[in-house]
Amino acid sequence: MLNFNDFIQNGLTEFQFGDSIDNISKKLQHYQICPIDNDAGSFALFYNQIELLFDHHQLWLIQYEIDRIQNLTLNQHPIHKKTPIQQFKKHLNELQIGLTETKDFQQIILTTNHQVKLYFDLNSEYFLTAQQSWY
C-alpha cells in the first residue's frame with residue numbers, strides 16, 4: 001500500500017482526496033498521527049514515512065519527502081536525495097510519463113499528467129519531494 005512507483009505513474013489510487021481520517025486509518029497499520037490544529041481538523045498522518053495531510057478531517061495532500069524516507073525506487077532505479085533532475089526525467093521517460101516543467105524562486109517543479117508534482121532544488125537540481133494535493 002502506498003507504493004512510490006505506483007504513485008508517480010498513476011497519482012493517488014489507494015485512497016481518494018476528501019476521504020476522512022477514520023476511513024483511511026482503518027486501512028493502515030502502524031501509523032502515527034500528529035496534530036497541527038485540532039480546532040480546524042488539521043493533522044498529519046505518517047505511514048512508512050509517507051505524509052498524508054488532512055484539513056477539516058479530509059485528506060488533501062500526500063507527500064514522499066526524500067529527507068524523511070531516504071531511499072525510494074522508480075522503475076527499479078534507486079531514488080535518493082542526490083538524484084538529479086535529468087536522471088529523474090530519464091526514468092519518467094522510460095515509463096512514458098508525460099510532464100511539464102516550471103520554476104519558482106527556489107525550486108524546479110515537474111508535474112506529471114496525473115498531477116503529481118516532483119520538486120527539485122533550483123541550485124543543485126537534486127530531488128526533494130513528490131506530492132499530490134486535492135486543491
Side-chain angles (χ1 to χ4, degrees):
M1 181 160 285
L2 296 177
N3 175 287
F4 183 71
N5 202 65
D6 292 340
F7 178 69
I8 297 300
Q9 291 184 69
N10 305 305
L12 182 65
T13 57
E14 292 89 348
F15 308 114
Q16 292 185 346
F17 289 111
D19 279 353
S20 72
I21 183 79
D22 294 331
N23 288 341
I24 290 175
S25 62
K26 288 176 188 175
K27 298 175 185 175
L28 302 174
Q29 294 180 358
H30 310 292
Y31 59 86
Q32 178 183 4
I33 295 176
C34 298
I36 297 170
D37 182 346
N38 286 332
D39 293 336
S42 299
F43 41 88
L45 183 150
F46 292 93
Y47 172 75
N48 290 339
Q49 305 303 317
I50 302 162
E51 182 177 14
L52 291 89
L53 292 178
F54 293 80
D55 191 29
H56 302 291
H57 302 280
Q58 295 179 309
L59 177 63
W60 70 273
L61 184 134
I62 181 170
Q63 177 171 249
Y64 290 76
E65 187 175 358
I66 198 66
D67 279 343
R68 185 175 25 259
I69 299 174
Q70 301 298 313
N71 293 301
L72 297 164
T73 303
L74 180 59
N75 198 27
Q76 301 179 348
H77 300 289
I79 302 296
H80 46 78
K81 63 182 180 180
K82 296 278 185 172
T83 301
I85 192 170
Q86 292 306 321
Q87 185 177 354
F88 211 107
K89 283 180 179 179
K90 180 181 172 189
H91 303 326
L92 294 171
N93 189 46
E94 289 172 1
L95 293 167
Q96 299 179 339
I97 296 174
L99 56 93
T100 58
E101 182 175 329
T102 56
K103 293 181 183 179
D104 67 15
F105 61 97
Q106 294 181 347
Q107 298 171 328
I108 302 168
I109 305 160
L110 302 179
T111 304
T112 71
N113 47 0
H114 291 288
Q115 300 307 305
V116 173
K117 293 186 178 187
L118 307 162
Y119 292 84
F120 297 82
D121 181 83
L122 184 61
N123 297 316
S124 69
E125 296 191 350
Y126 290 149
F127 178 64
L128 299 170
T129 191
Q131 62 182 229
Q132 186 180 26
S133 64
W134 190 11
Y135 42 86

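This one's a predicted model, so the numbers in the text were calculated from it and none came from an experiment.
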Partner of Leu53 by side chain to side chain contact (heavy atoms under 4.5 Å, CB included), out of Trp134, Phe43, Trp60: Trp60

Taking side chain as C-beta onward, heavy atoms only, is Phe7 less than 4.5 Å from Thr13? no

Can you confirm whether Leu59 sits close enough to Ile24 that some side-chain heavy atom of one is under 4.5 Å from a side-chain heavy atom of the other? yes

Look up atom OG in Ser133 and atom NZ in Lys117, then write down how far apart they are to the nearest 0.5 Å. 6.0 Å

Begin from the C-alpha positions of Gln49 and Glu65 and carry the test side-chain contact (heavy atoms from CB on, under 4.5 Å) through to its verdict. CA-CA 8 Å; Gln49 305 303 317; Glu65 187 175 358; over 6 Å; no

Drop me the distance from Ile8's CD1 to Thr112's OG1, to the nearest 0.5 angstrom. 7.0 Å

Distance from His30 atom NE2 to Asn48 atom CG, nearest 0.5 Å? 9.0 Å

So, do Asn5 and Asn75 sit near enough that their side-chain heavy atoms are less than 4.5 Å apart? yes

Which atom of Cys34 lies closest to which atom of Phe46, heavy atoms considered: SG-CE1, 3.8 Å

Would you check if Leu122 and Lys103 make a side-chain contact, meaning some heavy-atom pair closer than 4.5 Å? yes

I'd like to know if the side chain of Thr129 and the backbone of Tyr64 have a donor-acceptor N/O pair within less than 3.5 Å. yes

Spacing of Asp22 atom CG and His57 atom NE2 [to the nearest 0.5 Å]: 9.0 Å

Residues Ile66 and Lys81: closest non-hydrogen pair is CG1-N, 3.5 Å

Once rounded to the nearest 0.5 Å, what's the spacing between atom CG of Leu45 and atom CD1 of Ile33? 5.0 Å

Can you confirm whether Ile79 sits close enough to His91 that some side-chain heavy atom of one is under 4.5 Å from a side-chain heavy atom of the other? yes

Taking a hydrophobic cluster as the set of Ile, Leu, Val, Met, Phe, Trp and Tyr residues connected by side-chain heavy atoms closer than 4.5 Å, whether directly or through intermediates, do Ile69 and Leu12 fall within one such cluster? yes

Is there a path of hydrophobic side-chain contacts, each under 4.5 Å between heavy atoms, that joins Leu28 and Ile62? yes

Co-membership, hydrophobic cluster, residues Phe127 and Leu74, 4.5 Å side-chain: yes

What do you reckon, are the aromatic ring centroids of Phe120 and Phe88 less than 6.0 Å apart? yes

Any heavy-atom pair between the side chains of Ile109 and Thr100 that's under 4.5 Å? no

Is any side-chain heavy atom of Phe4 less than 4.5 Å from a side-chain heavy atom of Thr73? no

Restricting to non-hydrogen atoms, name the atom on Ser42 and the atom on Asp55 that form the minimum distance, rounded to 0.1 Å. OG-OD1, 2.7 Å

Side-chain ion pair, Lys89 and Glu101, N-O less than 4.0 Å: yes

Please step through side-chain contact (heavy atoms from CB on, under 4.5 Å) for the pair Thr83 and Leu72, ending with a clear verdict. CA-CA 10 Å; Thr83 301; Leu72 297 164; over 6 Å; no

Which atom pair, heavy atoms only, marks the closest approach of Ala44 to Glu51? CB-OE2, 4.0 Å

When you measure from the side chain of Asp121 to the backbone of Asn123, do you find a donor-acceptor pair of N or O atoms at a distance under 3.5 Å? yes

What distance separates Leu2 CG from Ile50 CD1, expressed to the nearest 0.5 Å? 4.5 Å

Could you go step by step and tell me if Leu92 and Leu118 meet the side-chain contact (heavy atoms from CB on, under 4.5 Å) rule? CA-CA 11 Å; Leu92 294 171; Leu118 307 162; 3.7 Å; yes

Do Asp19 and Phe54 make a side-chain contact, defined as non-hydrogen atoms from C-beta onward lying under 4.5 Å apart? no

Is the backbone N or O of Lys82 less than 3.5 Å from a side-chain atom of His80, with the two atoms forming a donor-acceptor pair by type? yes

Tyr47 and Gln32: CA distance, side-chain angles, deciding distance, side-chain contact (heavy atoms from CB on, under 4.5 Å) verdict: CA-CA 7 Å; Tyr47 172 75; Gln32 178 183 4; over 6 Å; no

Val116 and its side chain to side chain contact (heavy atoms under 4.5 Å, CB included) partner, picked from Gln131, Gln9, Gln132: Gln132

Strictly by modelled atom types, are Glu94 and His77 linked by a side-chain donor-acceptor pair under 3.5 Å? yes

I'd like to know if the side chain of Asp37 and the backbone of Asp39 have a donor-acceptor N/O pair within less than 3.5 Å. yes

Hey, is the main chain of Asp67 close enough, under 3.5 Å, to the side chain of Gln70 for a donor-acceptor pair? yes

